[in-house]
Amino acid sequence: MILETERLILREMTTSDYNDLCEILQDKEVMYAYEHAFSDEEVNNWLYNQFYRYKKYGFGLFAVVLKNNGKMIGNIGITMQKFGDSQVAEIGYLLNKNYWGKGYATEGAVACKNYAFDVLGLNEVYSIIRDNNFASQAVAKRNGMTIVGKELKHYYNMDMPHSVYMVKNNNINK
């Protein structure tokens, strides 16, 4: 276990999470910001990319597990992403659509922000969100973030405008 909140456990993903991950990443409605549901190979690559991140950085996207029943409902965590000419720590989140609108994304994102600041000692964290993803933008705002820029990402032969949200660690140098 990496993090615990009132209702969630965030832990490193394992290969046994593959089927739950498929439920999320292969759902076109969940993956609308990516413009397509993932293939089996893309889900496998996503999972193994997290293993790489855990080893390289000590963090990545974590499995989100409900405390009350042990069900994996998504992934929330911190990844290194390109913003301008820099690599920044980004809080990202993807949940099974059956668990949307219940506050889980915000609960997990806030926990990741606190982890980034209190444990990792980061000065700031970002969320880079597709312009049409209003639900994720609302989560970023509830996580204390404000827009600090725009970024054009190129995925699957498409240009996709993104808003870049950021919050600073107010506890640094106090």
Side-chain angles (χ1 to χ4, degrees), residues 1-17 20-21 24-25 30 33 46-96 99-131 133-151 153 162-174:
M1 180 176 67
I2 304 296
L3 294 167
E4 184 175 4
T5 69
E6 182 181 337
R7 302 178 295 167
L8 307 172
I9 292 172
L10 276 65
R11 60 160 173 78
E12 289 187 358
M13 285 190 251
T14 68
T15 54
S16 64
D17 294 318
D20 289 328
L21 201 54
I24 299 159
L25 299 179
V30 172
W46 178 279
L47 182 60
Y48 278 87
N49 192 30
Q50 302 323 308
F51 300 158
Y52 169 78
R53 288 172 168 156
Y54 302 153
K55 186 174 182 177
K56 181 172 182 175
Y57 301 109
F59 54 82
L61 293 173
F62 301 119
V64 178
V65 179
L66 292 176
K67 281 184 175 180
N68 66 353
N69 64 11
K71 168 82 174 150
M72 180 191 165
I73 63 165
N75 52 109
I76 299 175
I78 305 165
T79 61
M80 298 305 294
Q81 298 292 331
K82 183 181 179 300
F83 172 44
D85 294 330
S86 300
Q87 289 287 314
V88 299
E90 183 205 22
I91 296 174
Y93 28 88
L94 269 173
L95 295 179
N96 181 310
Y99 299 91
W100 288 0
K102 300 179 186 325
Y104 295 127
T106 300
E107 188 174 328
V110 168
C112 285
K113 175 185 71 177
N114 293 336
Y115 180 80
F117 292 164
D118 300 339
V119 177
L120 301 177
L122 299 179
N123 294 324
E124 57 200 24
V125 289
Y126 295 76
S127 284
I128 303 169
I129 303 169
R130 182 112 184 251
D131 276 0
N133 190 341
F134 302 114
S136 288
Q137 291 173 26
V139 170
K141 290 173 188 172
R142 285 191 295 271
N143 201 8
M145 296 181 164
T146 56
I147 292 180
V148 295
K150 300 282 185 181
E151 183 87 357
K153 300 273 186 179
H162 286 65
S163 294
V164 181
Y165 289 79
M166 188 266 291
V167 63
K168 288 189 175 289
N169 184 349
N170 292 325
N171 295 323
I172 292 287
N173 297 326
K174 283 190 176 180

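Not measured: the values here are computed from a predicted model. Excluded from the calculations below are hydrogen atoms, water molecules and symmetry mates; all remaining heavy atoms, backbone and side chain alike, are included.
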- Message: Taking I128's backbone N and O only, do any of them form a donor-acceptor pair with E90's side chain (distance below 3.5 Å, no angle check)?
- Response: yes
- Query: Looking only at atom types and distance, does a side-chain atom of S86 sit under 3.5 Å from a main-chain N or O of V88, one as donor and one as acceptor?
  - Reply: no
- Closest non-hydrogen atom pair, A109 against V139: CB-CG1, 4.0 Å
Got a second to check how far [X]'s [atom1] is from [Y]'s [atom2], nearest 0.5 Å?
X    : Y    : atom1 : atom2 : value
N114 : N169 : CG    : CG    : 9.5 Å
E151 : S163 : CD    : OG    : 11.0 Å
K71  : N96  : NZ    : CG    : 6.0 Å
I78  : Y115 : CD1   : OH    : 7.0 Å
L21  : T15  : CG    : OG1   : 11.5 Å
N143 : S136 : CG    : OG    : 11.5 Å

- Item | Residue among M145, K113, K168 satisfying side chain to side chain contact (heavy atoms under 4.5 Å, CB included) with E124 | K168
Going by heavy atoms in the side chains, are [X] and [Y] under 4.5 Å from each other?
X    : Y    : answer
V125 : V167 : yes
L94  : L25  : yes
L8   : K67  : no
E107 : K102 : no
L61  : M13  : yes
R53  : F59  : no
H162 : K150 : no
I129 : Y93  : yes

- Message: For Y126 and F83: C-alpha separation, side-chain torsions, deciding distance, then whether ring pair (Phe, Tyr, Trp, His ring centres under 6.0 Å) applies.
- Response: CA-CA 9 Å; Y126 295 76; F83 172 44; 5.8 Å; yes
- Exercise: do Q50 and Y52 side chains pair donor with acceptor under 3.5 Å: no
- Query: Using the ring of each side chain (for Trp, its six-membered ring), is F51 parallel, tilted or perpendicular to Y48, with breaks at 30° and 60°?
  - Reply: perpendicular
- Message: Ring-plane angle category for F62 and Y54, please: parallel below 30°, perpendicular beyond 60°, tilted otherwise.
- Response: parallel
- Message: With a 4.0 Å cut-off on N to O distance, would you call R11 and D17 a salt bridge?
- Response: yes
- Take I76 and Y104 through the test side-chain contact (heavy atoms from CB on, under 4.5 Å) and record every step on the way to the result. CA-CA 10 Å; I76 299 175; Y104 295 127; 5.8 Å; no
